[in-house]
Number of protein chains: 2
Amino acid sequence: MTDAGDMGMKSGPLLARGEGVALWRQITQQMEREISGGQYGPGARLPTEAELAERFAVNRHTVRRAMEELEGRGLVRIEQGRGSFVAEDVVDYRLGPRTRFSEIIRRQNREPGGRVLRIEEVPAEATIADLLGIRRGRPVVVVERLSLVDGRPLLIGTHHFPALRFGRIPELLKEDPSITAALVACGVPDYRRKVTRITARLPTAEESDLLQQSRNRPVLVSEAINVDPAGEVVDVTIARYAAGRMQMVVES
Amino acid sequence: MTDAGDMGMKSGPLLARGEGVALWRQITQQMEREISGGQYGPGARLPTEAELAERFAVNRHTVRRAMEELEGRGLVRIEQGRGSFVAEDVVDYRLGPRTRFSEIIRRQNREPGGRVLRIEEVPAEATIADLLGIRRGRPVVVVERLSLVDGRPLLIGTHHFPALRFGRIPELLKEDPSITAALVACGVPDYRRKVTRITARLPTAEESDLLQQSRNRPVLVSEAINVDPAGEVVDVTIARYAAGRMQMVVES
DNA sequence: TTGCCAAATTCATCTAGACGACTAGTTATC
DNA sequence: GATAACTAGTCGTCTAGATGAATTTGGCAA
């Protein structure tokens, strides 16, 4: 608490060496204080690794470790060749019985978008088959899409439909990319989300790539079961969200 | 890049050097394949960093980077001084209007537990005050607790009660650690969760410490608003869950 | 002005080596 | 037999230096 009054320059935070607290942790804390203390505003550029290394009198790798930590915690964003910046902006993603991506996004005056990554028919894996309530190995139509908000990727959604009932979906999606519309054409006028499981983990290389998000930022993983008005399972969707760009909202 | 033929044993997966894919990523993939391929069962011990470094013919640091990745993704668990192990077991945490930790846990035949970390009365910060619907700076009672399942920490919950109405809570909790009971004593026979916001990030040092979870594993952060039967806001709770040990379940 | 190339800047990866911290088992001692 | 001290094994942190990759900048040519 004593904390020498830093008059003027940010000269010597002076790390405590050899006292049980790793240097990179101390740097993390210091930077955190400075960021949340408003030293740098949202989106502001932080000093380069080399500068910070000099300032804290440590090796650049030690600074890197600290910055990676801050990135994973959501405080900063690191861009190769550009520098590090203070993080910003999140989208509210409301989870309810009627969860439709475009509607949610438009309601927040943002522009939804997306593209199909993959459409194929494959035999059902054990997990998916159990959730769909079909036998393992039975054919399922898998549709994978990347959804964007204002041009920035927000989520990767992988839908699994029982092919027996929804085999026409691949063709239908070629006409109209809307899944809701395709389901209508298959005789499902409406559907609702029955249950959602949520967890979090770090992204795979592919995920962080598609989501244009750092490897250190977690993805929120949701597994949803959608049912038609009759209660029949329509599909199982596994979605991976860029945690740094959104917040799920559950109302009850 | 000629790639010597690996005769016999798992000697040479032989990484592709200098072809745009980082070595640590390739190691990650290989280990992932071996783990999900059943090479090592759940809980099984993996080779030491030194062994893997030798096997892949890279520096130990490179193997470390790969293992940290797998840990963050939830595939392995690394323990200092002991080794690395394949990950396991998760708890289903059902989120609904009536979310009570002990009930949820007991319903899964597990043993809930916990301890109070902090109880104090402080002026309301901007965010909390807004959510509670009180003026900033007004006193709030903050109760922070660590909740356990079968002796393992699952979540850190920070409750914020408007002190005006719930000033007696600190004393009450000294008698009986149940928050539900304390609220009853304050004239709130029942309460329900109105809205929950969920996001994920990497834990702070303190969080990973309390949750006994690696720094690389994300925490699910939920911000809940609880209201009494009259719709009045009772408290705002911010909980941080060890993402590797649970899955939130939302029914709708 | 526009387009392109080269240099400079900055972050990313990899290697090498040293030492600290924690765990678990073994041995010495009382 | 209990306890303490030691030791080997394993992960954690830090330093140092080299090279690669992505981005920006500045200058030159069309």
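All heavy atoms count here, side chains included; hydrogens, waters and symmetry mates do not.
- Other residues, nucleotides and ligands contribute at most 12 non-hydrogen atoms within 6.0 Å of the CD atom of E125(B).
- Within a 6.0 Å radius of CZ in R115(B), other residues, nucleotides and ligands contribute 12 heavy atoms or fewer.
- Put simply, CD1 on I78(B) is 16 Å from C1' on dT23(C), counting in whole angstrom units.
- Side-chain contact between V58(B) and V63(B): present, with at least one pair of heavy atoms (C-beta onward) separated by less than 4.5 Å.
- When rounded to the nearest whole Å, the span between CG of L52(A) and P of dT15(D) equals 14 Å.
- OP1 or OP2 of dA12(C) has at least one side-chain nitrogen or oxygen of R64(A) nearer than 4.0 Å.
- I27(B) places its CD1 atom 13 Å from the P atom of dT13(C), with the value rounded to the nearest Å.
- Out of dA18(D), dC14(D), dC11(D), the shortest distance to the side chain of A22(A) is found at dC14(D).
- For the OP1/OP2 pair of dA24(C) and a distance below 4.0 Å, the side-chain nitrogens and oxygens of R82(B) include at least one atom meeting the criterion.
- Among the heavy atoms of the strands lying under 4.0 Å from R45(A) are primed sugar atoms or P, OP1, OP2 only; no base atom is included.
- Both A57(A) and R60(A) lie near DNA chain D, and the one whose nearest nucleotide falls closer to the 5' end is A57(A).
- Atom pair H61(B):NE2 and dA16(C):C1' shows a separation of 8 Å (rounding to whole Å applied).
- Which of dA16(C), dG20(C), dA18(C) sits closest to the side chain of N59(B) comes down to dA16(C).
- Per the geometry, CZ belonging to F85(B) stands 12 Å off C1' belonging to dG9(D), to the nearest Å.
- Taking atom CD of E69(A) as the reference point, atom P of dC14(D) lies 12 Å away to the nearest angstrom.
- A donor-acceptor contact under 3.5 angstrom links the side chains of E144(B) and T158(B), judged on distance only.
- Residues passing the salt bridge (charged side-chain N to carboxylate O under 4.0 Å, His left out) test with R82(A), sequence neighbours excluded: E79(A).
- Put simply, CG on L23(A) is 14 Å from P on dG20(C), counting in whole angstrom units.
- Taking atom CH2 on W24(B) and atom P on dT13(C), their separation rounds to 6 Å, with Å as the unit.
- Distances from the side chain of T48(A) to the nucleotides dT10(C), dC11(D), dT15(D) place dT10(C) closest.
- Residue contacts for R65(B): at a heavy-atom cut-off of 4.0 Å it reaches no nucleic acid atom on any strand shown.
- Comparing atom distances between the Q80(B) side chain and each of dG20(D), dC14(D), dA21(C) picks out dA21(C) as nearest.
- Using a 4.0 Å heavy-atom criterion, one finds that R215(B) contacts the sugar-phosphate atoms exclusively.
- Distances from the side chain of T62(A) to the nucleotides dC14(D), dA18(C), dT15(C) place dC14(D) closest.
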